Trainee: 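Before I ask anything, let me first share the structure, which is written out below as structure tokens.
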There are 2 protein chains.
Amino acid sequence: MTQATNVTPLFNDLAKIERDHTVACQECSLYRLCLPLGLHNNDLVRLDTIIKRSQNYKRGHILFTDEQPFKSLFVVRSGSFKTTISASDGREQVTSFYFPGEFIGLDAIHQSEYQSNAKALESSSVCELPYDMLQEIGEEMPQLQIQMLTRLSKELAGDRNLMLLLGKKTADEKLATFLLSLSKRFQERGFSATDFQLSMSRSDIANHLGLAVETISRLFSRFQEEGLISIAGKALSVQNIEKLKQLCG
Amino acid sequence: MTQATNVTPLFNDLAKIERDHTVACQECSLYRLCLPLGLHNNDLVRLDTIIKRSQNYKRGHILFTDEQPFKSLFVVRSGSFKTTISASDGREQVTSFYFPGEFIGLDAIHQSEYQSNAKALESSSVCELPYDMLQEIGEEMPQLQIQMLTRLSKELAGDRNLMLLLGKKTADEKLATFLLSLSKRFQERGFSATDFQLSMSRSDIANHLGLAVETISRLFSRFQEEGLISIAGKALSVQNIEKLKQLCG
DNA sequence: TCGTTTCCATGATCCACGTCAATTTCTGTG
DNA sequence: CACAGAAATTGACGTGGATCATGGAAACGA
């Protein structure tokens, strides 16, 4: 995750995670946002043994593409990622952005290949969960299974909301909804809900919301004129969160 | 499912299911499309004991709304359903249509309330799976857990494709993609891939695809003129499936 | 540090699809 | 079978956001 302007205890922990890729689940500050939530100690230790912690990847690193065989799920440890799917003619849709504690690859479980392409938006690292091993230890850990189902279900519900956004909302509403979703997720991770860095480009945002880059540019400018936000490059500051909420529809 | 014009063995079985709501999983013709797939006999019998089979519901019957507590998942036994989610201002998005063997309610697993509204599009029946019981027997049936994960994952992948459709495709491409998706699902269920009844209204289709009703009407007319389909009321016949596939993008 | 590329902002123009309106056709009900 | 309300079709017109075009500002690799 891009460094936020106000530093919180969780942020310090995240910085530690970034430096040290041996931190076990037990000591990981993402604990309450992550898979292990609700696992008993023995189970947690066991889960820990199957997790592979990655080195730091740099911006642009490709985690997987939709042509590769599905082997593992990934949890973001630090940084952020985007996933895309592509139509046969090359058009792409940015399906989601992922922040620390979130799962990447869940849509591939039913197939032998990944269903999307995942790319790092900034310097990032992940925990890799080999799916066959996950399934194996899952047989004896109902809590783990429940966690997995919960994750998937949450993601599904999120996607449905995005369908509402894509199908029914105006450009203004789309951007307002998107910014508030970011704000909420940063807050859950102990960052400021109002001041943060956008790790994705304008064109990623545009694509994700079903708009053109130019529209996003214009909206950022207008939102700024109207005192809703203030934005300079990638640094965003929400000035009037209430008005932004009203805009969502 | 609405009666298709060409009758196949599976169709006859489906007709039987519609009449007799006591058919056990073991004898159900949906077996290979449904949850029990891959379960051993003992497990199947056990699963069978927790399933409640509904009477026939008629068109317009509401299975659940997003205000009700989440208790059960549902599998369509006969007929079809639509699910919608609504924005705070009342706008609605049709998130999905469901046919026999498909699961409704998966997006609610992580919550105490349903996340959407489910309504019968025609005379329909369902199998009800109380989620607490499912979880209970799931602890001892890894195959069942895997099935559930697979289902959820498949639904997720489907939603991602719909995001591509909503975000990037033109009206023509949207309708072509939708018709082909219906065609494929009918075929999987033993019906004709080219001749079937649309159980949903034009406005449901329009809403689902992020278009206006009028646009759907015009497209149906134009597709007909161009020899792609022939449509009379709810009866659709695909005339040129190849051309339709090209249109999808 | 420079040169190159990618990203971003903003104005001018255009068009795919929405909206409005007027019929027509279907569907369900007494 | 008739009638009322809902659903679907078709045309005329308007518009939100795409596209095209240009110039400036970052980011990046050598």
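Just so we're on the same page: letters track the sequence lines, and every chain starts at 1. Keep in mind the model is a prediction, meaning the values are calculated, not measured.
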Trainee: Are side-chain heavy atoms of B:F99 and B:V76 found at a separation under 4.5 Å?
Mentor: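 No, side chains not in contact.
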Trainee: What's the spacing between B:R189 CZ and B:E102 CD if we round to 0.5 Å?
Mentor: 4.5 Å
Trainee: For B:G79, does its backbone N or O pair with a side-chain atom of B:Y98 as donor and acceptor, under 3.5 Å?
Mentor: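 Absent.
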Trainee: Which part of the nucleic acid, if any, lies within contact of B:R222, taking any heavy atom under 4.0 Å across all strands shown: a base, the sugar-phosphate backbone alone, or nothing?
Mentor: nothing
Trainee: Could you say whether B:R59 or A:K234 is positioned toward the 5' end of DNA chain C, judged by the nucleotide with the nearest heavy atom to each?
Mentor: A:K234
Trainee: Does any non-hydrogen side-chain atom of B:D195 lie less than 4.5 Å from one of B:F186?
Mentor: no
Trainee: Which two nucleotides bound the region of DNA chain C that has atoms under 4.0 Å from heavy atoms of chain B, read 5' to 3'?
Mentor: C:dC17 to C:dC20
Trainee: In whole angstrom, give the distance that lies between atom CG of A:N207 and atom C1' of D:dG17.
Mentor: 16 Å
Trainee: Among side-chain atoms of B:S230 and B:S237, is any donor-acceptor pair under 3.5 angstrom?
Mentor: no
Trainee: Between A:S54 (side chain only) and A:V126 (backbone N and O only), is there a donor and an acceptor less than 3.5 Å apart?
Mentor: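 Judged by distance alone, yes, a pair lies under 3.5 Å.
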Trainee: Heavy-atom nearest nucleotide on DNA chain D for A:K58 versus B:G233: which residue maps closer to 5'?
Mentor: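 Comparing both residues, the 5'-ward one is B:G233.
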Trainee: Contacts to DNA chain C from residues 162-172 of chain B, heavy-atom cutoff under 4.0 Å, which residues?
Mentor: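 Residues of residues 162-172 of chain B that come under 4.0 Å of DNA chain C are, in numerical order, B:T170, B:A171.
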Trainee: Between the side chain of A:N207 and the main-chain N/O of A:E92, is any donor-acceptor distance below 3.5 Å?
Mentor: yes
Trainee: Using the C1' atoms of the five pairs at each end, what is the angle between the end axes of the helix from C:dT1-D:dA30 to C:dG30-D:dC1, to 10°?
Mentor: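 Between the first-five-pair axis and the last-five-pair axis there is 60°.
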Trainee: Does NZ in A:K234 sit with more than 12 non-hydrogen atoms of other residues, nucleotides or ligands closer than 6.0 Å?
Mentor: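 Count over threshold, so yes.
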Trainee: Between protein and nucleotides 10-14 of chain D, what N or O pairs are separated by less than 3.5 Å?
Mentor:
residue	atom	partner	partner atom	Å
D:dT10	OP2	B:S221	OG	2.5
D:dG11	N7	B:R218	NH1	2.8

Trainee: Measure the distance from CZ on B:F220 to P on D:dA7 and round it to the nearest whole Å.
Mentor: 16 Å
Trainee: Given 3.5 Å as the limit, does a donor-acceptor pair link the side chain of A:K174 with the main chain of A:H208, or not?
Mentor: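 No; zero donor-acceptor contacts below 3.5 Å.
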Trainee: Donor-acceptor check, side chain of A:R160 to backbone of B:T95, threshold 3.5 angstrom: yes or no?
Mentor: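 Here the side-chain-to-backbone pair does not exist.
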Trainee: Hey, does B:G210 reach any base, or is it just sugar-phosphate, or nothing, if we go heavy atoms under 4.0 Å?
Mentor: sugar-phosphate
Trainee: Hey, does A:I216 reach any base, or is it just sugar-phosphate, or nothing, if we go heavy atoms under 4.0 Å?
Mentor: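 Since no nucleic acid heavy atom lies under 4.0 Å of A:I216, the category is nothing.
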Trainee: Are a donor atom and an acceptor atom from the side chains of B:T83 and B:S96 found within less than 3.5 Å of each other?
Mentor: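 Their side chains do not contain a donor-acceptor pair, so the 3.5 Å distance test is not met.
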Trainee: Does B:E214 have any salt bridge (Lys or Arg N to Asp or Glu O under 4.0 Å) partners at least two apart in sequence or in another chain, and if so, which?
Mentor: none
Trainee: Among side-chain atoms of B:N117 and B:T65, is any donor-acceptor pair under 3.5 angstrom?
Mentor: no
Trainee: Name each donor-acceptor pair under 3.5 Å that joins a side chain in residues 241-249 of chain B to protein atoms two or more places apart or in another chain, with its distance.
Mentor:
none

Trainee: Calculate the interatomic distance between B:L175 atom CG and D:dA8 atom P; express it in whole Å.
Mentor: 14 Å
Trainee: Rounded to the nearest angstrom, tell me the gap between atom CG in B:D204 and atom C1' in D:dA8.
Mentor: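 Computing the B:D204:CG to D:dA8:C1' distance gives 13 Å.
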Trainee: Taking CD1 from B:I205 and C1' from D:dA8, how many angstroms apart are they, rounded to a whole number?
Mentor: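 B:I205 atom CD1 is separated from D:dA8 atom C1' by 12 Å.
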